[in-house]
Amino acid sequence: MLRQIEFLASDAGGLIPLYWDMQGCVSYADLGRCLADAVRDHLVRFALLGLSPALADEQDALTLLTHVRRLAVRANGELLLLCDEPEALLGIAAKEPAAQRLHRVLTGGAGVRSVMASTCAIYRFYGAGIEPTSPFLGGFDMSHTVGSLAATDARKLILRSQAPAGRMKAPAAVTSAIKDATNNHPLLLQLLCSRLLLEDGSLRMPSDTDLRADSMIASFLSMISGTGPRQIANCS
């Protein structure tokens, strides 16, 4: 989802997108290295703003973000920071003061807009589900969640009806069975369809074997439901 936002924002005037993958970061230094890698992945984009090669190699997250934000403002733009796996920030913020200064840049600085995409596990940091127990969550709107698709949109995803090529073929009974088994969840829809794909580009009817959850799906289901069901069926 964040990659799609990055793609769309690249053509939107005034927005300078930057995808920042925080997966595996356990320290403030890790955050800086990952941010520097993200900037180097798009050197042309940031060089056009005036970012020097020396600053592109800066591995202090606060220093690099401050400079990129200022360059965006100077260009009458806004840095769109797309943060993936931000749960890492919570543990880092609890032990490293620099992370709290980083929080002020992410939430209160002119010229930057921060979007974070997390699993439901981040809600463990909310006391009684209302107030965040981690100060790093202050200032972020946590009310938006990605759930099941509408029935029409789920059918479009199954049949790849919006793809320029490679439209899937499936009888109405097959698409209905797939939708019922996955509760129209986009990730599960795609995983199940990959199991049902035939060589001629059509989708077959799912069997009980197809609905068995492997370790990846079981982990996903446990994150969103707090359980570890052995089948894909009826995931909300």
Side-chain angles (χ1 to χ4, degrees), residues 1-93 96 98-119 121-122 136-137 139-142 144 146 162-166 186-187 190-191 194 216 219-220 223:
M1 182 180 66
L2 292 178
R3 287 295 192 185
Q4 179 68 2
I5 293 174
E6 181 185 35
F7 172 75
L8 295 174
S10 298
D11 294 328
L15 289 175
I16 300 99
L18 179 60
Y19 174 83
W20 186 4
D21 187 359
M22 300 177 177
Q23 185 175 20
C25 292
V26 296
S27 68
Y28 178 75
D30 289 340
L31 291 174
R33 283 190 288 270
C34 289
L35 180 62
D37 287 343
V39 170
R40 285 193 293 266
D41 285 342
H42 300 284
L43 278 179
V44 174
R45 179 185 301 169
F46 292 101
L48 290 174
L49 295 177
L51 186 68
S52 69
L55 276 176
D57 289 330
E58 173 60 57
Q59 294 195 1
D60 180 87
L62 189 59
T63 301
L64 182 54
L65 270 183
T66 299
H67 280 284
V68 173
R69 183 189 68 185
R70 287 173 179 168
L71 291 172
V73 172
R74 193 176 302 164
N76 296 317
E78 185 177 34
L79 178 64
L80 179 62
L81 201 58
L82 304 166
C83 305
D84 204 0
E85 308 282 351
E87 298 96 323
L89 288 168
L90 305 183
I92 296 170
E96 301 197 40
Q100 286 304 320
R101 296 196 298 273
L102 178 62
H103 175 268
R104 290 194 289 271
V105 174
L106 295 177
T107 59
V112 62
R113 185 182 308 184
S114 302
V115 178
M116 298 192 176
S118 163
T119 67
I122 203 165
F136 211 99
L137 294 177
F140 288 100
D141 180 357
M142 304 288 292
H144 300 286
V146 177
Q162 294 176 299
L187 173 63
Q190 293 174 87
L191 288 173
S194 70
M216 182 182 73
S219 175
F220 170 75
M223 282 191 294

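Remember, it's a predicted structure, so these values are computed and weren't measured experimentally.
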Any side-chain heavy-atom pair of [X] and [Y] under 4.5 Å:
| X | Y | result |
| --- | --- | --- |
| E85 | D21 | yes |
| I5 | Y19 | no |
| D57 | R40 | yes |
| Y28 | L62 | yes |
| L65 | L79 | yes |

Closest heavy-atom pair and its distance - [X], [Y]:
| X | Y | result |
| --- | --- | --- |
| P17 | F46 | O-CZ, 4.1 Å |
| A93 | A99 | CA-CB, 3.6 Å |
| E96 | V26 | OE2-O, 4.5 Å |
| A117 | P86 | O-CD, 3.0 Å |

From CA spacing to verdict: side chain to side chain contact (heavy atoms under 4.5 Å, CB included), L55, V39: CA-CA 10 Å; L55 276 176; V39 170; over 6 Å; no
Can you tell me if R45 has over 12 outside heavy atoms packed within less than 6.0 Å of its CZ?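 Yes, enclosed.
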When rounded to the nearest 0.5 angstrom, what distance separates [atom1] in [X] from [atom2] in [Y]?
| X | Y | atom1 | atom2 | value |
| --- | --- | --- | --- | --- |
| L31 | Q59 | CG | CD | 12.0 Å |
| T63 | E58 | OG1 | CD | 4.5 Å |
| L106 | R69 | CG | CZ | 10.0 Å |
| S27 | D30 | OG | CG | 3.0 Å |
| L35 | L81 | CG | CG | 7.0 Å |
| L80 | L18 | CG | CG | 9.0 Å |

